[in-house]
Structures are given as structure tokens and as C-alpha cells.
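First the structure, in the form of C-alpha cells, and then the observations on it.
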Amino acid sequence: MKKLTALALAAAAISTSALAAPETYVIDGSHTLPRFEYNHMGYSQQLSRFDKTTGSVTIDRAAKTGSVDVTIDTTSVSTGYALFNQHIQGEDFLATEKYPTATYKSTKVVFDGDKVASVEGNLTLKGITKPVTLTVVSFQCMPHPMVKKDACGATATAKVKRTDFNMGKYAPYVGDEVTITLPIEAIKQ
């Protein structure tokens, strides 16, 4: 297994070094499930996710530039409990009837050597747009063994305040700070 991984990484490195043009990858919605975590009245950290995400990632490794464009279907929120899903979709929080999507559009992709280190951009949630920097905690591009195409994957995190997005009900009892984790897998087109 280690030899196979090493060969895949070597092949990706060789193919990457020869590229000088942007490459576009389409998000794989079955492996891109954004999640959010917040403190519930000091008792526990609650974790929920969104089940429907679309978008694309463009990367030019030679020029060390790129872009990220993500759309999250906020009606796909999954708390693990149907009644609570409806509560989170209500006017006090996501207001999905009026705002059925959240978006993240990058303004800059920051590299550390050959790896993406962070993504600066704008998060639009409940009709409010705020600058948010995603810290990339893992990043990998290589041939996908199942779909037989190049693929990239990353996990990025950010902290936001829900009061900044007009979702402050029950604060400070229910934590205002929300940790967003965005795991992305995307297939080259």
C-alpha cells in the first residue's frame, strides 16, 4: 500500500511540474459534506452538516494561484433529528425558505511552497456577505484510483460568529462562535 501511495504521489508530482495552466475540478458532492460545530449552553459541542454541496476548484500550481466557488444547499442541513433540522432551517437561523443556499467565493488562494495554505474569500449566509479565511489543514492532488481521473482533496476550517449573519438567537447561551469545517473532494474536468 505504501508503494502504491508513493507511486501515485510521484506520478502526481511529475504531472504537476509539467503543468503551467489552470486546472478545474468539479466538487464531488458525495465526498463534500460541510459541517458546523457550536457550544450548546456549556454542556456539549454540537456537530451538524449539510448533505448537498456543489461548486468548483481551479488551481494553477505553477503560478500558485487558484479559486474556490462553493454552493451549499442549506435545506440539506442534517442535525441527526428531523424536527431540529426544521428548527435550524427556520427564520431565526438559516431562513432556508428565503435563502436556500449559502456560498463561498474565494478572492485569493495562498500557497506555502507547493501546497495551498489558506483561501481568502466571502461567505454569504442568510443574504449577508462577510470576508472569511479558510485555513487549509490538508491538501492533496493525485490520480483518483476509482474514477481514473486526477482529483484534489482538502479540508479547511474557519471560525465565524453567527450573530454576524443575523442568526444570534439564544446567544450567548448557545455559543456565538461556530467552527466551519469544509472537506472537499473534486474531480478534474
Side-chain angles (χ1 to χ4, degrees), residues 1-37 47-78 99-125 129-160 178-189:
M1 183 69 171
K2 286 184 179 180
K3 287 183 181 179
L4 180 59
T5 302
L7 288 173
L9 290 173
I14 291 168
S15 66
T16 301
S17 64
L19 299 175
E23 299 174 294
T24 299
Y25 298 79
V26 172
I27 288 177
D28 173 1
S30 64
H31 292 97
T32 302
L33 301 167
R35 53 190 183 263
F36 59 96
E37 182 178 348
L47 183 63
S48 299
R49 73 177 194 197
F50 295 97
D51 292 335
K52 295 180 183 174
T53 305
T54 58
S56 62
V57 176
T58 300
I59 190 165
D60 185 333
R61 286 169 260 191
K64 298 195 183 333
T65 61
S67 64
V68 176
D69 189 348
V70 176
T71 299
I72 298 169
D73 178 347
T74 55
T75 68
S76 74
V77 68
S78 178
Y99 306 104
T101 62
T103 60
Y104 183 81
K105 297 188 185 302
S106 67
T107 56
K108 182 179 181 182
V109 175
V110 179
F111 280 74
D112 180 9
D114 290 334
K115 296 283 185 174
V116 175
S118 64
V119 179
E120 298 171 13
N122 294 305
L123 174 64
T124 301
L125 185 58
T129 302
K130 298 281 182 181
V132 171
T133 297
L134 296 169
T135 300
V136 178
V137 295
S138 68
F139 177 80
Q140 179 75 285
C141 292
M142 62 184 185
H144 194 292
M146 298 178 92
V147 297
K148 308 295 185 211
K149 292 183 177 182
D150 287 343
C152 288
T155 301
T157 63
K159 291 187 186 298
V160 300
V178 176
T179 300
I180 297 170
T181 302
L182 182 59
I184 288 181
E185 290 189 21
I187 309 296
K188 186 176 176 185
Q189 295 305 293

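Fair warning: this is a prediction, and the values are worked out from it, not measured in the lab.
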Q) What residues form a ring pair (Phe, Tyr, Trp, His ring centres under 6.0 Å) with F50, not counting sequence neighbours? A)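 Applying ring pair (Phe, Tyr, Trp, His ring centres under 6.0 Å) to F50 gives F36.
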(Q) The criterion is ring pair (Phe, Tyr, Trp, His ring centres under 6.0 Å); which residues satisfy it with F111, sequence neighbours excluded? (A)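 Not a single residue meets the ring pair (Phe, Tyr, Trp, His ring centres under 6.0 Å) criterion with F111.
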**Q.** Residue pairs passing the salt bridge (Lys or Arg N to Asp or Glu O under 4.0 Å) test where at least one lies in residues 106-121, sequence neighbours excluded
**A.**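 For residues 106-121: K64-D114.
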Spacing of [X] atom [atom1] and [Y] atom [atom2] [to the nearest 0.5 Å]:
X    : Y    : atom1 : atom2 : value
Y104 : D69  : OH    : CG    : 11.0 Å
L134 : L123 : CG    : CG    : 8.5 Å
I72  : I27  : CD1   : CD1   : 8.5 Å
I184 : L33  : CD1   : CG    : 11.0 Å
I187 : H144 : CD1   : NE2   : 4.5 Å
K105 : T129 : NZ    : OG1   : 10.0 Å

**Q.** Residues that K149 engages under side chain to side chain donor-acceptor pair (under 3.5 Å), provided they are two or more places apart
**A.**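 Side chain to side chain donor-acceptor pair (under 3.5 Å) check on K149 returns nothing, list empty.
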Q: Specify the closest pair of heavy atoms between S106 and V119, including all atoms of both residues, with the distance to one decimal.
A: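 The pair with the smallest heavy-atom distance is CB-CG1, 3.5 Å.
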Q) Looking at D150 and P143, what are the two nearest heavy atoms and their distance? A)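 That would be OD1-CA, 3.8 Å.
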Q: Would you check if there is a donor-acceptor pair between the side chains of T24 and T58 at a distance under 3.5 Å?
A: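 Yes, T24 and T58 have a side-chain donor paired with an acceptor closer than 3.5 Å.
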Verify, without hydrogens or angle tests, whether [X] (side chain) and [Y] (backbone) share a donor-acceptor contact under 3.5 angstrom.
X    : Y    : value
S118 : T133 : no
Y25  : I59  : no
T74  : P100 : yes

Q.
Among residues at least two apart in sequence or on other chains, which ones pass side chain to side chain contact (heavy atoms under 4.5 Å, CB included) with V26?
A.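 By the side chain to side chain contact (heavy atoms under 4.5 Å, CB included) rule, V26 matches Q189.
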(Q) Please enumerate all residues that pass side chain to side chain contact (heavy atoms under 4.5 Å, CB included) together with T155, with sequence neighbours excluded. (A)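 Only V137, S138, T181, P183 meet the side chain to side chain contact (heavy atoms under 4.5 Å, CB included) criterion with T155.
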Q: List the steps, then state whether side-chain contact (heavy atoms from CB on, under 4.5 Å) holds for R61 with C141.
A: CA-CA 10 Å; R61 286 169 260 191; C141 292; 3.4 Å; yes
